[in-house]
> 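This structure is in structure tokens; I'll ask about it shortly.
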Amino acid sequence: MKTFYLTTAIDYVNGSPHLGHAYEKVLSDVIARFRRLMGDKVWFLTGTDEHGQKVQQSARKHGVDPQTFVDSVSNEFRVLCTKLEISNDDFIRTTEERHKRVVRRILQQLFDKGEIYQADYKGFYSTRQEQFLQDKDRNPDGSWPEIFGEVTEITETNYFFKLKAYQEWLVEHIRTHEDFIIPRYRAKQVLEFLKEPLNDLCISRPRERLEWGIPLPFDEKFVTYVWFDALLNYYSAVADKPDIWPATFHVIGKDILVPPHAVYWPIMLQAAGLPLPRSLLAHGWWSINGTKMSKSTGNFIDAGNYCDTYGVDALRYFLIREMSVGQDSDFSQAQFLARYTNELANNLGNLVNRTLNMTNRFAGATVPGVEVEEAPEADLRALWVKTRDEAVALHESFQFHVALERTFAFITATNAYIELRAPWKLGKSSDPKDQALLKTSLATMAEALRLGVTLLAAVMPGTTRKIHGVLGYTPGAVWAEELVWSNRLTGCKVAATAILFPRPTA
RNA sequence: GCCAGAGUAGCUCAGUGGUAGAGCAGAGGACUCAUAAGCCUUUGGUCGGCGGUUCAAUCCCGCCCUCUGGCACCA
């Protein structure tokens, strides 16, 4: 079986993680967990991108050497992954030797094949900003803005990668591989971009301008440009592991689809003679209270705080429930609280608690067996089959938000079933028929709850685990079997009470 | 300017060539096992605008309007 190999973008360690980083990891994690549940062999990679000028500058600003700086920030991302319960199998850093070794190897290989050549670049250079400027950087009157200081036209020797030679091939590949770029409409954007002729890509920087990078193996006076270094992480992390490459999905933000992932990356692989990934999955961005996320306005969300206050699964749930994959969404405290209170606390959380309570009160804390089956039971069961089949299919097509909506509709139906049977009334009757119905209703609500939360396992693994725990249940290894309505809870000893999503106090 | 996405109930969104849907918010009710939770009922929309195709369009086509995002070698 081909390993399902999934990657997130590696995060640039120039700044601390925010909600956007958290979302991409959670989204990827949901995919990874879902594939494992479906029985696939999964390899899930994330990591950090640590070279380049901005990192070098930030390190200098903090008065530390680059390695100390990236160690510290990379660790923040690692901590975030742990906090979000991301199930990655590996975490790669581009400053690791295992990565640098592969980058050097590929560069040498491409150079030997003649895919990389040396040429001069002539342009306007700002010494203060340590970068070349574009015409779009100019003021309307043609002068250079103050922040660039003195600008001079200079010529610099560099190495270039032959992108242009692969342009037609790439267009053809995108046209003939319909799921290479997801969502589909993003592929149109890429093809639009490719209507203009590509230029070859400059992949080097002279070391006197940029020290913090991987030296070119064929010319140590240069280091490689950040994209050529960073993109290769997907391959370098598994280069020595059999049967993993190529990637099944690269999960990335829409901002780095064009040109890096949809143009540079496939061409790099093709030139190096490596197989291409199956798909690039480009997700959207979060705004905060209707405005763009930005550090300068202080308008960004610390995902860690939400985990601490509401629990990691509440945040995971909101991110996945609110965002339609590929589209943008807005994060607001009001919307978060509405979903937390209505859906998690009142609908699901309360169902858990009332189920435990009634099982304790009317059945000595032991889930009874079903004794009769009438229309209410049959209806709920039929709804379950429909919900399960739809939810699984929706997961397959990345419509997690709709899958969650359907799953919670089933939770609501379970609450409605309880009202219909009203076990608290049956419990007051000694009529054998009522007693049979009481046992049936307690067994049915427990089973419905078990099934419903089993369907939430990819999004809220901890919650699924906890609820199975308070039901006194240990799930089996095969998820598909766990999704079958059964009597396997009969005889389970349930907990006395459980408040999984406490109502916010403030 | 070009390209793409979005424009459906107060809010967030789903949806199909055949008399409009969900959740939340609002209103009313019955109940009490439960996290003052849950359940039932209900108010509410000329489906952005104008044309066209069709027996029939929110859904197909054309034009227009509004919002959002992208438009690279940041060498």
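First the proteins, then the strands, lettered A, B, ... as listed; each starts at 1. If you're wondering where the values come from, they're calculated on a predicted model, not measured in any experiment.
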> Would you say B:rU35 has OP1 or OP2 under 4.0 Å from some side-chain N or O of A:Asn346?
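So the side chain of A:Asn346 is outside the cut-off, no N or O lying under 4.0 Å from OP1 or OP2 of B:rU35.
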> Between A:Asn353 and B:rU35, is there a contact of a side-chain N or O with OP1 or OP2 at under 4.0 Å?
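Yes, within the criterion.
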> Would you say the rings of A:Phe318 and A:Phe331 are close, in the sense that their centroids are separated by under 6.0 Å?
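Ring centroids of A:Phe331 and A:Phe318 are less than 6.0 Å from each other.
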> Just to verify, what does A:Thr440 make a side chain to side chain donor-acceptor pair (under 3.5 Å) with, not counting sequence neighbours?
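None.
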> Hey, does the side-chain of A:Asn357 have a donor or acceptor N/O within less than 3.5 Å of a partner on the base of B:rA34?
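No pair found.
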> Looking only at non-hydrogen atoms, find the nearest pair between A:Pro368 and A:Ala443 and report the distance.
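In this case the closest contact between A:Pro368 and A:Ala443 is O-CB, 3.2 Å.
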> Taking the six-membered ring for Trp, are A:Tyr310 and A:Phe501 closer than 6.0 Å centroid to centroid?
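So the answer is no for these two rings.
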> Where along residues 389-401 of chain A does a heavy atom fall under 4.0 Å from RNA chain B?
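Nothing qualifies; none.
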> Can you give me the N/O atom pairs linking the protein to nucleotides 70-75 of chain B at distances under 3.5 Å, or say none if there are none?
{"from": "B:rA72", "atom 1": "N6", "to": "A:Pro197", "atom 2": "O", "distance (Å)": "3.3"}
{"from": "B:rC73", "atom 1": "OP1", "to": "A:Lys136", "atom 2": "NZ", "distance (Å)": "3.4"}
{"from": "B:rC73", "atom 1": "O2", "to": "A:Asp200", "atom 2": "O", "distance (Å)": "3.2"}
{"from": "B:rC73", "atom 1": "N3", "to": "A:Asn199", "atom 2": "ND2", "distance (Å)": "2.4"}
{"from": "B:rC73", "atom 1": "N4", "to": "A:Asn199", "atom 2": "ND2", "distance (Å)": "2.5"}
{"from": "B:rC74", "atom 1": "OP2", "to": "A:Tyr225", "atom 2": "OH", "distance (Å)": "3.0"}
{"from": "B:rC74", "atom 1": "O3'", "to": "A:Phe132", "atom 2": "O", "distance (Å)": "3.4"}
{"from": "B:rC74", "atom 1": "O2'", "to": "A:Gln131", "atom 2": "OE1", "distance (Å)": "3.3"}
{"from": "B:rA75", "atom 1": "OP2", "to": "A:Phe132", "atom 2": "N", "distance (Å)": "2.8"}
{"from": "B:rA75", "atom 1": "OP2", "to": "A:Phe132", "atom 2": "O", "distance (Å)": "3.1"}
{"from": "B:rA75", "atom 1": "N6", "to": "A:Tyr121", "atom 2": "O", "distance (Å)": "3.4"}
{"from": "B:rA75", "atom 1": "N1", "to": "A:Asn158", "atom 2": "ND2", "distance (Å)": "2.4"}

> Looking at RNA chain B, which of residues 434-449 of chain A put a heavy atom within less than 4.0 Å of it?
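Residues of residues 434-449 of chain A that come under 4.0 Å of RNA chain B do not exist, since none gets that close.
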> Once salt bridge (charged side-chain N to carboxylate O under 4.0 Å, His left out) is applied, do any residues pair with A:Arg503, and if so which ones, sequence neighbours excluded?
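Counting only residues at least two positions away or on another chain, A:Arg503 forms no salt bridge (charged side-chain N to carboxylate O under 4.0 Å, His left out).
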> Please determine whether a side-chain nitrogen or oxygen atom of A:Arg503 lies at a distance below 4.0 Å from atom OP1 or OP2 of B:rA37.
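So the side-chain polar atoms of A:Arg503 do come within 4.0 Å of the phosphate oxygens OP1 or OP2 of B:rA37, strictly under.
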> Between A:Phe400 and A:Phe398, what is the ring plane arrangement, given parallel below 30°, perpendicular above 60°, and tilted in between?
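It falls in the perpendicular class, over 60°.
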> Suppose we screen for side-chain contact (heavy atoms from CB on, under 4.5 Å). Which residues come up paired with A:Glu196, at least two apart in sequence or across chains?
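Not a single residue meets the side-chain contact (heavy atoms from CB on, under 4.5 Å) criterion with A:Glu196.
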> Which residue lies toward the 5' end of RNA chain B, A:Ala416 or A:Arg354, if each is placed at its nearest nucleotide?
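Checking each residue's closest nucleotide, the 5'-ward one belongs to A:Arg354.
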> Produce the list of close N/O pairs, under 3.5 Å, pairing protein atoms with atoms of nucleotides 21-32 of chain B; give distances to one decimal.
{"from": "B:rC24", "atom 1": "O3'", "to": "A:Asn342", "atom 2": "ND2", "distance (Å)": "3.3"}

> Under 3.5 Å, which donor-acceptor pairs do the side chains of residues 251-262 of chain A form with other protein atoms, sequence neighbours left out?
{"from": "A:Lys254", "atom 1": "NZ", "to": "A:Asp328", "atom 2": "OD1", "distance (Å)": "3.1"}
{"from": "A:Lys254", "atom 1": "NZ", "to": "A:Asp328", "atom 2": "OD2", "distance (Å)": "2.9"}
{"from": "A:Asp255", "atom 1": "OD1", "to": "A:Trp285", "atom 2": "NE1", "distance (Å)": "3.3"}
{"from": "A:His261", "atom 1": "ND1", "to": "A:Ile256", "atom 2": "O", "distance (Å)": "2.9"}
{"from": "A:His261", "atom 1": "NE2", "to": "A:Tyr234", "atom 2": "OH", "distance (Å)": "2.7"}

> Given B:rC2, B:rA4, B:rA6, which nucleotide is nearest the side-chain atoms of A:Gln327?
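It is B:rA6.
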> List RNA chain B stems (3 or more consecutive Watson-Crick/G-U pairs, under 3.5 Å)?
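The stems that RNA chain B takes part in, listed by first number, are B:1-7 with B:65-71, B:10-13 with B:21-24, B:26-29 with B:39-42, B:48-52 with B:60-64.
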> Starting the side chain at C-beta, find the nucleotide from B:rC33, B:rC39, B:rC2 nearest to A:Phe362.
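Side chain of A:Phe362 sits closest to B:rC33.
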> Name all residues meeting the salt bridge (charged side-chain N to carboxylate O under 4.0 Å, His left out) criterion together with A:Asp200; count only those two or more places apart in sequence or in a different chain, and write none if there are none.
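Listed in chain order: nothing, the list is empty.
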> Mapping A:Arg406 and A:Thr412 to their closest nucleotides on RNA chain B, which lands nearer the 5' end?
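Residue closer to the 5' terminus by nearest nucleotide: A:Arg406.
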> Just checking, A:Arg339 and A:Tyr317: is the charged tip under 6.0 Å from the six-membered ring centre and within 45° of the axis?
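Pair A:Arg339/A:Tyr317 does not count as cation-pi.
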> Among A:Val70, A:Ile214, A:Leu210, A:Val13, which residue meets the side chain to side chain contact (heavy atoms under 4.5 Å, CB included) test with A:His51?
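Between A:His51 and the candidates, side chain to side chain contact (heavy atoms under 4.5 Å, CB included) is satisfied uniquely by A:Ile214.
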> Partners of A:Leu451 by side-chain contact (heavy atoms from CB on, under 4.5 Å), sequence neighbours excluded?
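If we apply the side-chain contact (heavy atoms from CB on, under 4.5 Å) test to A:Leu451, skipping adjacent residues, the hits are A:Trp384, A:Glu447, A:Trp485.
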> Not counting sequence neighbours, which residues clear side-chain contact (heavy atoms from CB on, under 4.5 Å) with A:Ala119? List them please.
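Applying side-chain contact (heavy atoms from CB on, under 4.5 Å) to A:Ala119 gives A:Tyr117, A:Phe160.
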> Would you mind classifying the nucleic acid contact of A:Leu356 as base, sugar-phosphate or nothing, using non-hydrogen atoms under 4.0 angstrom?
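Nothing, no heavy atom under 4.0 Å.
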